[in-house]
Protein chains: 2
Amino acid sequence: MTEGVRRRRIDGGGESETRDALVRATAQIMLEEGYAAATSRRVAARAGIRPPLVHYYFPTMDDLYLAVFREGAEANLKRLKAALADQQPMRAVLQLHSDPKGTALQMEFMALSNHRKAIRSEIAAYGLRFREIETAAFAMLLGARGIDPHDLPAVAVSVAVTCVTRTLVMETELGITGGHDQTRRLLDDLVRQLELRPSQTDHSPD
Amino acid sequence: MTEGVRRRRIDGGGESETRDALVRATAQIMLEEGYAAATSRRVAARAGIRPPLVHYYFPTMDDLYLAVFREGAEANLKRLKAALADQQPMRAVLQLHSDPKGTALQMEFMALSNHRKAIRSEIAAYGLRFREIETAAFAMLLGARGIDPHDLPAVAVSVAVTCVTRTLVMETELGITGGHDQTRRLLDDLVRQLELRPSQTDHSPD
DNA sequence: GTCTATAGACGGATAGAC
DNA sequence: GTCTATCCGTCTATAGAC
(Lines give C-alpha, C1' and ligand atoms only; values in the text may rest on other atoms or scores of the structure.)
Protein backbone atom coordinates (compact mmCIF):
# COMPACT_ATOMS: atom_id res chain seq x y z
CA MET A 1 0.00 0.00 0.00
CA THR A 2 2.00 2.99 -1.28
CA GLU A 3 1.11 6.49 -0.13
CA GLY A 4 1.33 9.53 -2.30
CA VAL A 5 3.77 12.23 -1.36
CA ARG A 6 1.09 14.82 -0.70
CA ARG A 7 -1.82 12.58 0.15
CA ARG A 8 -1.40 11.98 3.79
CA ARG A 9 -3.53 10.13 6.29
CA ILE A 10 -6.35 12.50 7.05
CA ASP A 11 -9.01 9.80 6.99
CA GLY A 12 -11.26 8.50 9.74
CA GLY A 13 -10.18 7.95 13.31
CA GLY A 14 -9.05 4.85 15.11
CA GLU A 15 -6.09 4.21 12.87
CA SER A 16 -3.47 6.29 14.63
CA GLU A 17 -3.17 7.15 18.27
CA THR A 18 -1.39 10.41 17.48
CA ARG A 19 -4.00 11.42 14.95
CA ASP A 20 -6.81 10.85 17.42
CA ALA A 21 -4.92 12.76 20.10
CA LEU A 22 -4.66 15.70 17.70
CA VAL A 23 -8.38 15.69 16.98
CA ARG A 24 -9.18 15.50 20.69
CA ALA A 25 -6.72 18.27 21.55
CA THR A 26 -8.15 20.53 18.85
CA ALA A 27 -11.71 20.02 20.04
CA GLN A 28 -10.68 20.80 23.60
CA ILE A 29 -8.88 23.99 22.68
CA MET A 30 -11.77 25.14 20.50
CA LEU A 31 -14.12 24.60 23.41
CA GLU A 32 -11.95 26.30 26.00
CA GLU A 33 -10.51 29.24 24.07
CA GLY A 34 -12.34 29.42 20.77
CA TYR A 35 -11.36 28.24 17.31
CA ALA A 36 -8.88 31.07 16.80
CA ALA A 37 -6.76 29.56 19.57
CA ALA A 38 -6.58 26.18 17.86
CA THR A 39 -3.34 26.89 16.01
CA SER A 40 -1.01 24.20 14.78
CA ARG A 41 1.52 24.96 17.49
CA ARG A 42 -0.96 24.87 20.31
CA VAL A 43 -2.79 21.72 19.29
CA ALA A 44 0.62 20.07 18.92
CA ALA A 45 1.62 21.13 22.42
CA ARG A 46 -1.66 19.89 23.86
CA ALA A 47 -1.29 16.56 22.03
CA GLY A 48 2.30 16.22 23.22
CA ILE A 49 3.95 16.30 19.81
CA ARG A 50 5.97 18.77 17.71
CA PRO A 51 4.19 21.24 15.44
CA PRO A 52 5.38 19.89 12.07
CA LEU A 53 3.82 16.53 12.84
CA VAL A 54 0.40 18.15 12.68
CA HIS A 55 0.94 18.69 8.97
CA TYR A 56 1.91 15.10 8.49
CA TYR A 57 -1.58 14.02 9.54
CA PHE A 58 -3.43 17.10 8.31
CA PRO A 59 -1.84 18.89 5.35
CA THR A 60 -3.73 22.09 6.19
CA MET A 61 -5.41 23.28 9.34
CA ASP A 62 -8.74 23.17 7.52
CA ASP A 63 -8.28 19.43 7.15
CA LEU A 64 -7.86 19.18 10.89
CA TYR A 65 -10.90 21.33 11.62
CA LEU A 66 -12.97 19.27 9.22
CA ALA A 67 -11.85 16.06 10.91
CA VAL A 68 -12.90 17.45 14.28
CA PHE A 69 -16.27 18.44 12.92
CA ARG A 70 -16.90 15.21 11.04
CA GLU A 71 -16.09 12.97 13.97
CA GLY A 72 -18.18 15.09 16.32
CA ALA A 73 -21.07 15.14 13.86
CA GLU A 74 -20.95 11.41 13.33
CA ALA A 75 -20.90 10.74 17.06
CA ASN A 76 -23.84 13.10 17.45
CA LEU A 77 -25.91 11.34 14.81
CA LYS A 78 -25.24 8.07 16.62
CA ARG A 79 -26.41 9.65 19.86
CA LEU A 80 -29.53 10.96 18.12
CA LYS A 81 -30.45 7.52 16.87
CA ALA A 82 -29.90 6.04 20.30
CA ALA A 83 -32.05 8.76 21.87
CA LEU A 84 -34.86 8.17 19.38
CA ALA A 85 -34.81 4.49 20.28
CA ASP A 86 -35.17 5.33 23.97
CA GLN A 87 -38.31 4.47 25.86
CA GLN A 88 -38.88 8.18 26.38
CA PRO A 89 -37.49 9.51 23.11
CA MET A 90 -38.41 13.15 23.69
CA ARG A 91 -36.74 13.28 27.05
CA ALA A 92 -33.64 11.69 25.57
CA VAL A 93 -33.60 13.97 22.52
CA LEU A 94 -34.02 17.10 24.62
CA GLN A 95 -31.17 15.97 26.80
CA LEU A 96 -28.98 15.40 23.75
CA HIS A 97 -29.81 18.86 22.38
CA SER A 98 -29.02 20.42 25.74
CA ASP A 99 -25.45 19.15 25.86
CA PRO A 100 -23.35 22.29 26.48
CA LYS A 101 -20.22 20.99 24.79
CA GLY A 102 -22.03 19.95 21.64
CA THR A 103 -23.69 23.35 21.39
CA ALA A 104 -20.51 25.29 22.09
CA LEU A 105 -18.55 23.35 19.47
CA GLN A 106 -21.35 23.86 16.97
CA MET A 107 -21.12 27.61 17.60
CA GLU A 108 -17.39 27.63 17.07
CA PHE A 109 -17.78 25.87 13.76
CA MET A 110 -20.52 28.23 12.66
CA ALA A 111 -18.18 31.13 13.35
CA LEU A 112 -15.36 29.32 11.58
CA SER A 113 -17.56 28.68 8.56
CA ASN A 114 -17.92 32.40 8.16
CA HIS A 115 -14.58 32.58 6.42
CA ARG A 116 -13.83 28.92 5.70
CA LYS A 117 -16.21 27.99 2.96
CA ALA A 118 -15.17 24.33 2.91
CA ILE A 119 -16.51 23.98 6.43
CA ARG A 120 -19.74 25.80 5.76
CA SER A 121 -21.16 23.20 3.38
CA GLU A 122 -20.16 20.43 5.75
CA ILE A 123 -22.12 22.05 8.56
CA ALA A 124 -25.15 22.58 6.38
CA ALA A 125 -25.10 18.98 5.18
CA TYR A 126 -24.87 17.69 8.72
CA GLY A 127 -27.64 19.99 9.92
CA LEU A 128 -29.92 18.74 7.17
CA ARG A 129 -29.20 15.09 7.93
CA PHE A 130 -29.79 15.57 11.63
CA ARG A 131 -33.09 17.31 11.05
CA GLU A 132 -34.32 14.75 8.54
CA ILE A 133 -33.73 11.89 10.93
CA GLU A 134 -35.29 13.72 13.83
CA THR A 135 -38.29 14.87 11.82
CA ALA A 136 -39.00 11.39 10.53
CA ALA A 137 -38.96 10.02 14.06
CA PHE A 138 -41.16 12.83 15.38
CA ALA A 139 -43.61 12.26 12.54
CA MET A 140 -44.00 8.66 13.64
CA LEU A 141 -44.58 9.71 17.24
CA LEU A 142 -47.16 12.27 16.19
CA GLY A 143 -48.84 9.75 13.94
CA ALA A 144 -49.04 7.21 16.76
CA ARG A 145 -50.76 9.88 18.79
CA GLY A 146 -53.23 10.57 16.01
CA ILE A 147 -52.14 14.17 15.69
CA ASP A 148 -52.86 15.86 12.38
CA PRO A 149 -49.55 16.91 10.77
CA HIS A 150 -51.33 20.03 9.64
CA ASP A 151 -51.98 21.07 13.22
CA LEU A 152 -48.49 20.26 14.46
CA PRO A 153 -45.91 19.49 11.76
CA ALA A 154 -43.11 17.21 12.92
CA VAL A 155 -40.49 19.42 11.31
CA ALA A 156 -41.71 22.42 13.31
CA VAL A 157 -41.24 20.47 16.53
CA SER A 158 -37.74 19.53 15.46
CA VAL A 159 -36.86 23.11 14.61
CA ALA A 160 -38.44 24.45 17.78
CA VAL A 161 -36.52 22.00 19.93
CA THR A 162 -33.27 23.05 18.28
CA CYS A 163 -34.09 26.73 18.66
CA VAL A 164 -34.93 26.68 22.33
CA THR A 165 -32.30 24.26 23.57
CA ARG A 166 -29.45 25.85 21.64
CA THR A 167 -30.26 29.38 22.72
CA LEU A 168 -30.77 28.40 26.34
CA VAL A 169 -27.39 26.68 26.41
CA MET A 170 -25.69 29.69 24.86
CA GLU A 171 -27.28 32.10 27.28
CA THR A 172 -26.42 29.90 30.22
CA GLU A 173 -22.79 29.91 29.12
CA LEU A 174 -22.96 33.69 29.10
CA GLY A 175 -24.42 33.76 32.57
CA ILE A 176 -28.00 34.64 31.63
CA THR A 177 -30.59 32.21 32.97
CA GLY A 178 -33.66 34.37 33.69
CA GLY A 179 -36.83 33.02 32.16
CA HIS A 180 -35.24 29.74 31.13
CA ASP A 181 -37.41 27.55 33.34
CA GLN A 182 -40.56 29.20 32.10
CA THR A 183 -39.46 28.80 28.49
CA ARG A 184 -38.65 25.13 29.02
CA ARG A 185 -42.16 24.63 30.30
CA LEU A 186 -43.48 26.23 27.13
CA LEU A 187 -41.43 23.80 25.07
CA ASP A 188 -42.53 20.93 27.25
CA ASP A 189 -46.17 21.79 26.60
CA LEU A 190 -45.45 21.46 22.91
CA VAL A 191 -43.37 18.36 23.21
CA ARG A 192 -45.37 16.40 25.76
CA GLN A 193 -47.82 15.54 23.01
CA LEU A 194 -45.18 13.38 21.40
CA GLU A 195 -44.13 11.41 24.40
CA LEU A 196 -45.64 7.98 24.73
CA ARG A 197 -44.87 7.19 28.29
CA PRO A 198 -44.66 3.51 29.24
CA SER A 199 -46.96 3.93 32.24
CA GLN A 200 -48.94 6.99 31.08
CA THR A 201 -48.13 8.88 34.27
CA ASP A 202 -49.84 12.21 34.11
CA HIS A 203 -48.42 14.82 36.44
CA SER A 204 -49.57 17.92 34.65
CA PRO A 205 -52.03 20.06 36.60
CA ASP A 206 -54.22 21.66 33.98
CA MET B 1 -4.50 44.97 28.66
CA THR B 2 -1.97 47.82 28.88
CA GLU B 3 -3.36 50.37 31.25
CA GLY B 4 -2.66 54.01 31.75
CA VAL B 5 0.40 55.03 29.74
CA ARG B 6 -1.57 56.30 26.77
CA ARG B 7 -5.13 57.36 27.15
CA ARG B 8 -6.44 57.99 23.72
CA ARG B 9 -9.84 58.87 22.40
CA ILE B 10 -11.75 55.62 22.46
CA ASP B 11 -14.98 57.20 23.66
CA GLY B 12 -18.38 57.38 22.03
CA GLY B 13 -19.02 58.03 18.35
CA GLY B 14 -19.84 61.21 16.50
CA GLU B 15 -16.71 63.04 17.52
CA SER B 16 -14.36 61.92 14.80
CA GLU B 17 -15.11 60.97 11.23
CA THR B 18 -12.14 58.63 11.08
CA ARG B 19 -13.09 56.91 14.29
CA ASP B 20 -16.61 56.28 13.07
CA ALA B 21 -15.30 55.01 9.75
CA LEU B 22 -13.14 52.53 11.66
CA VAL B 23 -16.07 51.25 13.68
CA ARG B 24 -18.19 50.90 10.55
CA ALA B 25 -15.41 49.15 8.65
CA THR B 26 -14.81 46.71 11.49
CA ALA B 27 -18.49 45.81 11.73
CA GLN B 28 -18.66 45.23 7.98
CA ILE B 29 -15.60 42.98 7.93
CA MET B 30 -16.86 41.00 10.91
CA LEU B 31 -20.14 40.46 9.11
CA GLU B 32 -18.62 39.49 5.80
CA GLU B 33 -15.63 37.42 6.83
CA GLY B 34 -15.91 36.78 10.55
CA TYR B 35 -14.24 38.46 13.48
CA ALA B 36 -10.90 36.76 12.84
CA ALA B 37 -10.64 38.74 9.61
CA ALA B 38 -11.08 42.07 11.39
CA THR B 39 -7.37 42.71 11.89
CA SER B 40 -5.89 46.14 12.37
CA ARG B 41 -4.46 46.13 8.87
CA ARG B 42 -7.67 45.17 7.16
CA VAL B 43 -9.97 47.51 9.04
CA ALA B 44 -7.50 50.30 8.27
CA ALA B 45 -7.54 49.45 4.57
CA ARG B 46 -11.34 49.35 4.53
CA ALA B 47 -11.53 52.67 6.35
CA GLY B 48 -9.00 54.22 3.97
CA ILE B 49 -6.30 54.92 6.52
CA ARG B 50 -2.92 53.46 7.55
CA PRO B 51 -2.74 50.67 10.12
CA PRO B 52 -0.97 52.56 12.90
CA LEU B 53 -3.76 55.10 13.04
CA VAL B 54 -6.09 52.40 14.28
CA HIS B 55 -4.08 52.34 17.49
CA TYR B 56 -4.36 56.07 17.87
CA TYR B 57 -8.11 55.73 18.25
CA PHE B 58 -8.14 52.28 19.82
CA PRO B 59 -5.05 51.36 21.85
CA THR B 60 -5.82 47.66 21.50
CA MET B 61 -8.00 45.73 19.11
CA ASP B 62 -10.23 44.77 22.03
CA ASP B 63 -11.04 48.44 22.49
CA LEU B 64 -12.14 48.59 18.87
CA TYR B 65 -14.24 45.44 19.14
CA LEU B 66 -15.88 46.76 22.29
CA ALA B 67 -16.69 50.04 20.55
CA VAL B 68 -18.31 48.15 17.69
CA PHE B 69 -20.36 46.09 20.11
CA ARG B 70 -21.38 49.00 22.32
CA GLU B 71 -22.56 51.17 19.47
CA GLY B 72 -24.44 48.30 17.88
CA ALA B 73 -26.01 47.38 21.20
CA GLU B 74 -27.07 50.93 21.92
CA ALA B 75 -28.62 51.30 18.48
CA ASN B 76 -30.44 48.02 18.99
CA LEU B 77 -31.91 49.08 22.32
CA LYS B 78 -33.17 52.24 20.63
CA ARG B 79 -34.76 50.12 17.92
CA LEU B 80 -36.35 47.89 20.55
CA LYS B 81 -37.94 50.84 22.30
CA ALA B 82 -39.25 52.17 19.01
CA ALA B 83 -40.67 48.75 18.12
CA LEU B 84 -42.40 48.44 21.47
CA ALA B 85 -44.03 51.82 20.88
CA ASP B 86 -45.34 50.66 17.51
CA GLN B 87 -49.05 50.18 16.95
CA GLN B 88 -48.36 46.48 16.38
CA PRO B 89 -45.52 45.97 18.83
CA MET B 90 -45.18 42.22 18.38
CA ARG B 91 -44.93 42.48 14.63
CA ALA B 92 -42.29 45.19 15.02
CA VAL B 93 -40.35 43.29 17.69
CA LEU B 94 -40.31 40.09 15.65
CA GLN B 95 -39.05 42.05 12.69
CA LEU B 96 -36.29 43.57 14.78
CA HIS B 97 -35.25 40.15 16.10
CA SER B 98 -35.22 38.75 12.59
CA ASP B 99 -32.68 41.24 11.29
CA PRO B 100 -29.95 39.06 9.74
CA LYS B 101 -27.15 41.54 10.30
CA GLY B 102 -27.93 42.04 13.95
CA THR B 103 -28.05 38.31 14.54
CA ALA B 104 -24.87 37.59 12.60
CA LEU B 105 -22.95 40.28 14.47
CA GLN B 106 -24.25 38.95 17.76
CA MET B 107 -22.94 35.50 16.83
CA GLU B 108 -19.52 36.87 15.95
CA PHE B 109 -19.28 38.58 19.31
CA MET B 110 -20.37 35.46 21.14
CA ALA B 111 -17.57 33.58 19.44
CA LEU B 112 -15.15 36.43 20.15
CA SER B 113 -16.13 36.44 23.80
CA ASN B 114 -14.92 32.87 24.03
CA HIS B 115 -11.35 34.05 24.39
CA ARG B 116 -11.80 37.77 25.06
CA LYS B 117 -13.19 37.89 28.53
CA ALA B 118 -13.62 41.67 28.53
CA ILE B 119 -16.20 41.31 25.80
CA ARG B 120 -18.08 38.50 27.46
CA SER B 121 -19.39 40.54 30.38
CA GLU B 122 -20.39 43.35 28.02
CA ILE B 123 -22.51 40.94 25.99
CA ALA B 124 -24.13 39.48 29.08
CA ALA B 125 -24.97 42.92 30.44
CA TYR B 126 -26.51 43.98 27.14
CA GLY B 127 -28.49 40.76 26.86
CA LEU B 128 -29.92 41.26 30.32
CA ARG B 129 -30.90 44.87 29.63
CA PHE B 130 -32.56 43.97 26.35
CA ARG B 131 -34.55 41.16 27.94
CA GLU B 132 -35.64 43.26 30.90
CA ILE B 133 -37.04 45.98 28.68
CA GLU B 134 -38.75 43.52 26.39
CA THR B 135 -40.18 41.48 29.26
CA ALA B 136 -41.61 44.55 30.96
CA ALA B 137 -43.33 45.58 27.75
CA PHE B 138 -44.66 42.08 27.10
CA ALA B 139 -45.97 41.91 30.65
CA MET B 140 -48.02 45.02 30.02
CA LEU B 141 -49.41 43.60 26.80
CA LEU B 142 -50.32 40.34 28.50
CA GLY B 143 -51.89 42.22 31.38
CA ALA B 144 -53.99 44.31 29.01
CA ARG B 145 -55.24 41.07 27.51
CA GLY B 146 -56.12 39.70 30.93
CA ILE B 147 -53.74 36.78 30.58
CA ASP B 148 -52.56 35.18 33.81
CA PRO B 149 -48.75 35.52 34.06
CA HIS B 150 -48.75 32.04 35.51
CA ASP B 151 -50.18 30.59 32.31
CA LEU B 152 -47.94 32.55 30.00
CA PRO B 153 -45.04 34.40 31.66
CA ALA B 154 -43.88 37.46 29.75
CA VAL B 155 -40.24 36.49 30.17
CA ALA B 156 -40.91 33.13 28.52
CA VAL B 157 -42.37 34.87 25.50
CA SER B 158 -39.32 37.11 25.32
CA VAL B 159 -36.94 34.15 25.53
CA ALA B 160 -38.95 32.11 23.04
CA VAL B 161 -38.98 34.94 20.52
CA THR B 162 -35.22 35.28 20.84
CA CYS B 163 -34.70 31.53 20.51
CA VAL B 164 -36.74 31.01 17.40
CA THR B 165 -35.81 34.13 15.47
CA ARG B 166 -32.10 33.85 16.15
CA THR B 167 -31.87 30.19 15.19
CA LEU B 168 -33.97 30.64 12.05
CA VAL B 169 -31.74 33.48 10.91
CA MET B 170 -28.60 31.44 11.55
CA GLU B 171 -29.94 28.43 9.68
CA THR B 172 -31.05 30.57 6.79
CA GLU B 173 -27.53 31.98 6.53
CA LEU B 174 -26.28 28.40 6.36
CA GLY B 175 -28.76 27.55 3.63
CA ILE B 176 -31.18 25.50 5.72
CA THR B 177 -34.78 26.71 5.56
CA GLY B 178 -36.86 23.54 5.81
CA GLY B 179 -39.56 23.74 8.46
CA HIS B 180 -39.03 27.44 9.08
CA ASP B 181 -42.48 28.53 7.95
CA GLN B 182 -44.15 25.92 10.12
CA THR B 183 -42.07 26.96 13.12
CA ARG B 184 -42.90 30.61 12.60
CA ARG B 185 -46.56 29.67 12.66
CA LEU B 186 -45.99 27.96 15.99
CA LEU B 187 -44.38 31.11 17.35
CA ASP B 188 -47.17 33.22 15.91
CA ASP B 189 -49.73 31.13 17.75
CA LEU B 190 -47.93 31.95 20.95
CA VAL B 191 -47.37 35.58 20.18
CA ARG B 192 -50.70 36.50 18.64
CA GLN B 193 -52.17 36.61 22.12
CA LEU B 194 -50.10 39.69 22.86
CA GLU B 195 -50.95 41.67 19.78
CA LEU B 196 -53.57 44.36 20.21
CA ARG B 197 -54.47 45.11 16.65
CA PRO B 198 -55.66 48.64 15.88
CA SER B 199 -59.07 47.27 14.87
CA GLN B 200 -59.50 45.63 18.25
CA THR B 201 -58.21 48.31 20.56
CA ASP B 202 -61.75 49.10 21.72
CA HIS B 203 -61.64 45.88 23.72
CA SER B 204 -59.31 46.55 26.59
CA PRO B 205 -60.15 45.16 30.00
CA ASP B 206 -58.72 46.36 33.32
C1' DG C 1 -3.97 63.53 13.20
C1' DT C 2 -1.62 61.08 10.03
C1' DC C 3 2.18 59.20 8.32
C1' DT C 4 6.86 55.90 7.67
C1' DA C 5 9.47 52.54 9.65
C1' DT C 6 10.08 48.86 12.38
C1' DA C 7 10.21 45.89 16.43
C1' DG C 8 8.85 41.51 18.08
C1' DA C 9 5.74 37.65 18.42
C1' DC C 10 3.17 34.16 16.27
C1' DG C 11 1.39 31.42 12.59
C1' DG C 12 1.25 27.86 8.41
C1' DA C 13 3.90 25.13 6.00
C1' DT C 14 8.09 22.64 4.03
C1' DA C 15 12.78 20.19 3.71
C1' DG C 16 15.25 16.74 5.12
C1' DA C 17 17.75 13.94 8.86
C1' DC C 18 16.92 9.90 11.63
C1' DG D 1 6.49 8.64 12.28
C1' DT D 2 8.80 11.92 14.47
C1' DC D 3 12.10 15.10 14.82
C1' DT D 4 15.19 19.82 13.99
C1' DA D 5 15.68 23.77 11.44
C1' DT D 6 13.88 27.18 8.73
C1' DC D 7 11.30 30.19 5.30
C1' DC D 8 8.03 33.50 4.85
C1' DG D 9 3.84 35.70 5.77
C1' DT D 10 0.78 38.29 9.02
C1' DC D 11 -0.24 40.14 13.13
C1' DT D 12 -0.32 43.91 17.22
C1' DA D 13 1.79 47.64 18.74
C1' DT D 14 5.26 51.40 19.29
C1' DA D 15 8.60 55.26 18.05
C1' DG D 16 9.08 59.24 16.05
C1' DA D 17 8.89 62.52 11.82
C1' DC D 18 5.72 65.85 9.89
Practice prompt. List the steps, then state whether side chain to side chain donor-acceptor pair (under 3.5 Å) holds for B:Gln28 with B:Arg24.
Written response: CA-CA 6 Å; B:Gln28 281 173 18; B:Arg24 274 197 308 273; over 6 Å; no
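Here the nucleotide nearest the side chain of B:Pro52, chosen from C:dT14, D:dT14, D:dG1, is D:dT14. Candidate nucleotides C:dA13, D:dT14, C:dT2 were compared by shortest atom distance to the side chain of B:Thr18, and C:dT2 ranks first. Here D:dT2 is the nucleotide among C:dT2, D:dT2, D:dA13 with the atom lying nearest to any side-chain atom of A:Tyr57. For A:Thr39, the side-chain atoms get nearest to C:dG11 when compared with the rest of C:dG11, D:dT12, C:dA13. Closest contact between the side chain of B:Thr60 and the listed nucleotides D:dA13, C:dG12, D:dC11 involves D:dA13.
OP1 or OP2 of C:dG11 has not a single side-chain nitrogen or oxygen of A:Ser40 nearer than 4.0 Å. Taking side-chain N and O atoms only, A:Arg41 has no distance below 4.0 Å to OP1 or OP2 of C:dA9.
The CG atom of B:Asp20 sits 12 Å away from the P atom of C:dG1 (whole-angstrom rounding). Here D:dA13 presents its C1' atom at 14 Å from CD1 of B:Ile49, a figure rounded to the nearest Å. The interatomic distance linking B:Arg50 (CZ) with D:dT12 (C1') rounds to 18 Å, in whole Å. The distance between atom OH of B:Tyr35 and atom C1' of D:dT12, rounded to the nearest whole Å, is 16 Å. Distance, B:His55 NE2 to D:dG16 P: 17 Å, rounded to whole Å. Atom CG of B:Leu53 is separated from atom P of D:dA15 by 16 Å (rounded to the nearest Å). With rounding to whole Å, B:Met61 atom CE is found 13 Å from D:dT14 atom P. If you take OH of A:Tyr56 and C1' of C:dG16, they are 15 Å apart, rounded to a whole angstrom.
For the pair B:Glu134/B:Val155, no side-chain contact is recorded, criterion being any heavy-atom separation below 4.5 Å from C-beta on. No side-chain heavy atom of A:Tyr126 sits under 4.5 Å from any side-chain heavy atom of A:Glu74.
Under a 4.0 Å N-O distance rule, the pair A:Asp181/A:Arg184 qualifies as a salt bridge.
Checked against the 6.0 Å centroid threshold, B:His97 and B:Phe130 count as a close aromatic pair.
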